[in-house]
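Okay, so here's the structure we're looking at.
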Amino acid sequence: MITKLIILLLSILTLTGCGHNGSGSVYVPEDKVTLNINGYVRIQNINFPPEICGSNDRRFKDLSVFGIKIQDEKNEADVSMNGQFFLNELEPRQQIVIQCYDKDFPNLCFEWMGASSNGLSGDIKADITLETTAQSFIARALRDRYGRRVNPEAIKGEYLEATVNAIAEVIEQQPGKLENARLDQVDTVLDAYTEMADKLAAGNSGDFPLQHVFLFYMAGDNDLAQSMENTVRSIAEAGQPDKTEIIIGLDSAHSLPIINKPGAARYRVVGNELRLLNELGDLDSTNSLYLQNFVERTMREYPAKEYSLILSSHGGVWRDKSKPIGSARAIFMNDTNSVATGTVLNMASAIQCALIDNNANDRKIDLLVLDSCNMGCIETAYEFSFFAKYTIFSQALMPAAGIPYASFFREIADKGVDKTSVLDKAKLLADLYCNKYVNVSGAIDTGISIIDNSKMSGFISAYNNFLDAIWENKNEYLPVIYNIRTQRTTNDGETDTGSVIRCFSSTNEFVDLPQLCNMCIHDKQLYFLNEKYDLLKGHFDSLIAYSKYSDILKNANGLSITFPEKDTYKYYYRGELKEGSPLQPEATEYFNLKFCHDTKWVEILNEMMK
């Protein structure tokens with residue numbers, strides 16, 4: 001047994017090169033070349049129980065009960081009685097997953113996967129069997145969890161055995177499990193193929209087809225439409241750096257590039273050309289399901305070592321001051337046509353669900369860019385920290401033109417995308433933004449921050465210790481802290497450094513968190529916090545990896561916290577009835593944020609605002 005285990009581990013470590021050695025360059029086939037796939041469904045060696053095939057096995061002698069489809073595409077094909085199928089005149093590509101599903105029992109779904117960094121084109125034979133299904137499951141997991149591409153046909157023998165056995169056991173002995181889950185999502189099958197994918201990744205099997213993929217999700221069905229279209233065109237003109245893909249999802253109130261009409265579409269930058277991938281029609285880009293699908297599908301189609309996700313739209317506070325009722329981060333994504341808004345809660349959930357659906361639970365987006373106004377608060381940072389390594393955002397307003405991405409792609413092409421770390425890429429974006437807007441004549445007062453989410457857990461622990469010390473004598477200390485908060489200034493007001501709290505947003509609901517904590521220890525009644533603050537300051541310094549703001553925004557240190565005035569908090573946040581108002585407000589979803597559950601801050605706000 002031990003000898004077999006040693007042989008298996010040695011084999012895993014030497015299974016590098018299962019796929020072709022791809023450089024990460026885009027496969028561009030010759031004109032008019034197509035991909036034609038034909039094969040047979042060969043499942044005669046499986047002992048199907050009555051629950052699946054009926055009282056006898058005659059049903060699967062007629063294999064036309066199965067249908068064929070391609071993952072993430074609309075292409076479908078019929079299966080003949082003897083199991084033959086054809087998929088002709090497909091676009092050449094580097095990978096394809098063919099799914100063979102029982103029309104009456106769709107959770108019974110077999111697979112065949114082809115993958116090659118040199119490209120799939122011409123005529124390909126693809127017989128779908130129990131073994132190819134296991135190969136596809138393992139290869140897909142390696143792709144989705146680690147960004148590595150392996151030739152599925154190279155996964156044989158010991159690498160395949162556990163997954164094949166798990167699939168056969170479910171079909172032959174535990175068919176009831178297929179009532180509630182598709183075959184690849186049944187727990188025992190999922191455990192078998194993900195375990196093997198993890199072992200292959202540990203042995204550096206396969207290759208990274210790409211170094212970095214940039215995903216732009218741009219909700220521009222509003223007055224940002226023209227600025228976003230200009231950004232998309234400038235990115236295409238700047239060109240695609242080597243070993244990257246740039247995929248853009250744009251929802252616009254104006255005529256879309258190439259399509260020349262309003263709506264939504266998905267694009268790909270190839271060289272210096274913008275190419276249409278999918279026309280999506282009129283949709284509500286604030287709907288988190290569209291963001292989830294965009295992230296999920298793009299990561300499957302373009303496996304890579306690193307991913308950046310850029311979310312671009314309007315930004316605002318946790319509630320919309322123009323409405324008499326509360327709403328959670330009412331403007332994060334804005335869609336004028338459908339009169340809809342997206343929230344931090346549902347957009348964060350969309351990203352998390354995309355990773356979970358790809359069985360990439362432990363994988364994180366390497367760089368998350370929130371290209372919207374006033375996003376730079378601890379509540380937002382914490383919500384996204386569970387599935388992003390670094391986050392870029394601004395405490396202040398951001399110009400409609402946004403971050404100068406075209407300049408970034410030109411510079412990163414010169415530096416080499418594989419020669420710069422994720423943090424270096426983030427700092428380059430931040431530097432370019434500051435060079436264009438910060439302390440520049442005629443530009444708005446703005447700035448930008450980078451949060452290192454690997455430091456978030458330590459920061460939250462230190463911050464809770466700071467709050468616990470205050471809570472011990474809350475009746476005495478909370479009025480002092482609220483008095484500090486009332487010493488505020490607006491975005492466009494001059495301040496004396498250290499004497500007035502810095503506020504952000506048109507409603508002054510965000511205050512600079514490092515400055516607030518620092519001002520607490522300088523109040524003689526709160527001197528006892530010095531030791532807790534010294535520890536907390538060290539965590540601030542490591543959590544905020546970069547922060548630069550216009551000189552007029554004195555005391556902007558890179559991270560805000562929600563600290564509204566009493567009337568605002570009671571009415572717009574808690575939903576208490578305002579005297580003289582005929583409308584009963586609704587409590588915001590602010591209190592559903594992870595930060596509000598994992599820290600004592602809401603308890604302190606509730607006590608302070610009595």
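Every value quoted in this text rests on a predicted model; they were computed, and no experiment measured them. Heavy atoms only: backbone and side chains are in, while hydrogens, waters and symmetry mates are out.
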Practice prompt. Examine distances only and state if a side-chain atom of N435 and a backbone atom of D431 form a donor-acceptor pair shorter than 3.5 Å.
Written response: yes
Worksheet item: Side chains of N118 and S116: is there a donor and an acceptor less than 3.5 Å apart?
Response: no
Worksheet entry | side chain to side chain contact (heavy atoms under 4.5 Å, CB included) partner of I451, the single match among Y390, Y546, F459, F393 | F393
Practice prompt. Answer whether the closest heavy-atom distance between the side chains of L370 and I392 falls below 4.5 Å.
Written response: no
Worksheet entry | CA sep, side-chain torsions, deciding dist, call: E411, K425, salt bridge (charged side-chain N to carboxylate O under 4.0 Å, His left out) | CA-CA 10 Å; E411 290 209 23; K425 293 180 180 75; over 6 Å; no
Worksheet entry | Pairwise side-chain contact, F540 with L513, heavy-atom cut-off 4.5 Å (strictly under) | yes
Worksheet item: Between the side chains of E91 and T34, is a donor N or O closer than 3.5 angstrom to an acceptor N or O?
Response: no
Worksheet item: Does CD in E273 sit with more than 12 non-hydrogen atoms of other residues, nucleotides or ligands closer than 6.0 Å?
Response: yes
Discussion item. Can you confirm whether or not the ring centre of Y307 sits under 6.0 Å from the ring centre of F214?
Written reply: no
Worksheet item: Is the shortest side-chain N to carboxylate O distance from R140 to D184 below 4.0 Å?
Response: yes
Worksheet item: Atom OG1 in T446, atom CD1 in I552: separation rounded to 0.5 Å?
Response: 12.5 Å
Worksheet item: Side chains of S227 and N230: do they bring a donor and an acceptor to under 3.5 Å?
Response: no
Discussion item. Does K305 have more than 12 heavy atoms from other residues, nucleotides or ligands lying within 6.0 Å of its NZ?
Written reply: no
Discussion item. Between L367 and K389, is there a side-chain heavy-atom distance shorter than 4.5 Å?
Written reply: no
Worksheet item: Is it true that a side-chain atom of S205 and a backbone atom of L200 form a donor plus acceptor pair closer than 3.5 Å?
Response: yes
Worksheet item: Does the side chain of N453 pick up a donor-acceptor pair with the side chain of T391 at under 3.5 Å?
Response: yes
Discussion item. With a 6.0 Å cut-off (strictly less than), is the heavy-atom count around CD of Q185, excluding the residue itself, greater than 12?
Written reply: yes
Worksheet entry | Test item: side-chain donor near acceptor, D366 and S308, under 3.5 Å | no
Worksheet item: Taking C-beta and beyond as the side chain, do E73 and E301 meet within less than 4.5 Å on heavy atoms?
Response: no
Worksheet item: When you measure from the side chain of Q240 to the backbone N and O of T244, does any donor-acceptor pair fall under 3.5 Å?
Response: yes
Worksheet item: Which word best sums up how the rings of Y405 and F216 line up, parallel for under 30°, tilted for 30 to 60°, or perpendicular for over 60°?
Response: perpendicular
Worksheet item: Step by step, would you call Y146 with D198 a side-chain hydrogen bond (donor to acceptor under 3.5 Å, both in side chains)?
Response: CA-CA 9 Å; Y146 299 100; D198 292 344; 2.6 Å; yes
Fill in: Spacing of N358 atom CG and C353 atom SG [to the nearest 0.5 Å]
11.5 Å
Practice prompt. Kindly indicate, with the supporting measurements, whether the criterion side-chain hydrogen bond (donor to acceptor under 3.5 Å, both in side chains) is fulfilled by T132 and E111.
Written response: CA-CA 6 Å; T132 66; E111 289 187 5; over 6 Å; no
Worksheet entry | Side chain N38, main chain L87, donor-acceptor under 3.5 Å | no
Worksheet item: Does the side chain of I96 reach to within under 4.5 Å of the side chain of I70, using non-hydrogen atoms?
Response: yes
Discussion item. With no hydrogens and no angle check, just 3.5 Å: does a side-chain donor-acceptor pair link N359 and R145?
Written reply: no
Worksheet entry | Full working for salt bridge (charged side-chain N to carboxylate O under 4.0 Å, His left out) between R149 and D207 | CA-CA 5 Å; R149 176 178 291 151; D207 65 292; 5.6 Å; no
Discussion item. Checking the side chain of S394 only, and the main-chain atoms of G447 only, is there a donor and an acceptor separated by less than 3.5 Å?
Written reply: yes
Discussion item. Testing the 3.5 Å rule here: is there a donor-acceptor pair between the side chains of Q395 and D512?
Written reply: yes
Fill in: Under 3.5 Å: donor-acceptor pair, side chain of R502, backbone of K554
yes
Discussion item. Between S313 and G220 (side chain of the first, backbone of the second, donor and acceptor by atom type, cut-off under 3.5 Å), is there such a pair?
Written reply: no
Worksheet item: With a 4.5 Å limit on heavy-atom distance, are the side chains of F208 and E306 in contact?
Response: no
Worksheet, complete the sentence: Between the CG atom in L345 and the CG atom in N592, the distance rounded to the nearest 0.5 Å is 6.0 Å
Item to complete: Return the minimal non-hydrogen interatomic distance between F510 and T562, and the atom names on each side.
Response: CE2-OG1, 3.5 Å
Discussion item. Any non-hydrogen side-chain atom of P303 less than 4.5 Å from a side-chain atom of Q95?
Written reply: yes
Item to complete: Could you tell me whether K419 atom NZ has more than 12 heavy atoms of other residues or ligands within 6.0 Å of it?
Response: no
Practice prompt. Tell me whether the centres of the aromatic rings in Y290 and F294 are closer together than 6.0 Å.
Written response: no
Worksheet item: Going by atom types only, do N346 and S349 share a side-chain donor-acceptor pair under 3.5 Å?
Response: no
Worksheet item: Can you tell if the side chain of K261 reaches within under 4.5 Å of the side chain of L256, non-hydrogen atoms only?
Response: no
Discussion item. Tell me if a side-chain donor or acceptor on N260 pairs with a main-chain N or O of P257 at a distance below 3.5 Å.
Written reply: no
Worksheet item: Checking salt bridge (charged side-chain N to carboxylate O under 4.0 Å, His left out) for the pair K594/E383: CA distance, chi angles, key distance, verdict?
Response: CA-CA 6 Å; K594 290 183 175 68; E383 197 74 21; 3.5 Å; yes
Item to complete: With E245 as reference, evaluate Q211, R268, H212 under the side chain to side chain donor-acceptor pair (under 3.5 Å) test and give the passing residue.
Response: R268
Worksheet item: So, the side chain of S234 versus the backbone of T231: is there a donor-acceptor pair under 3.5 Å, distance only?
Response: yes
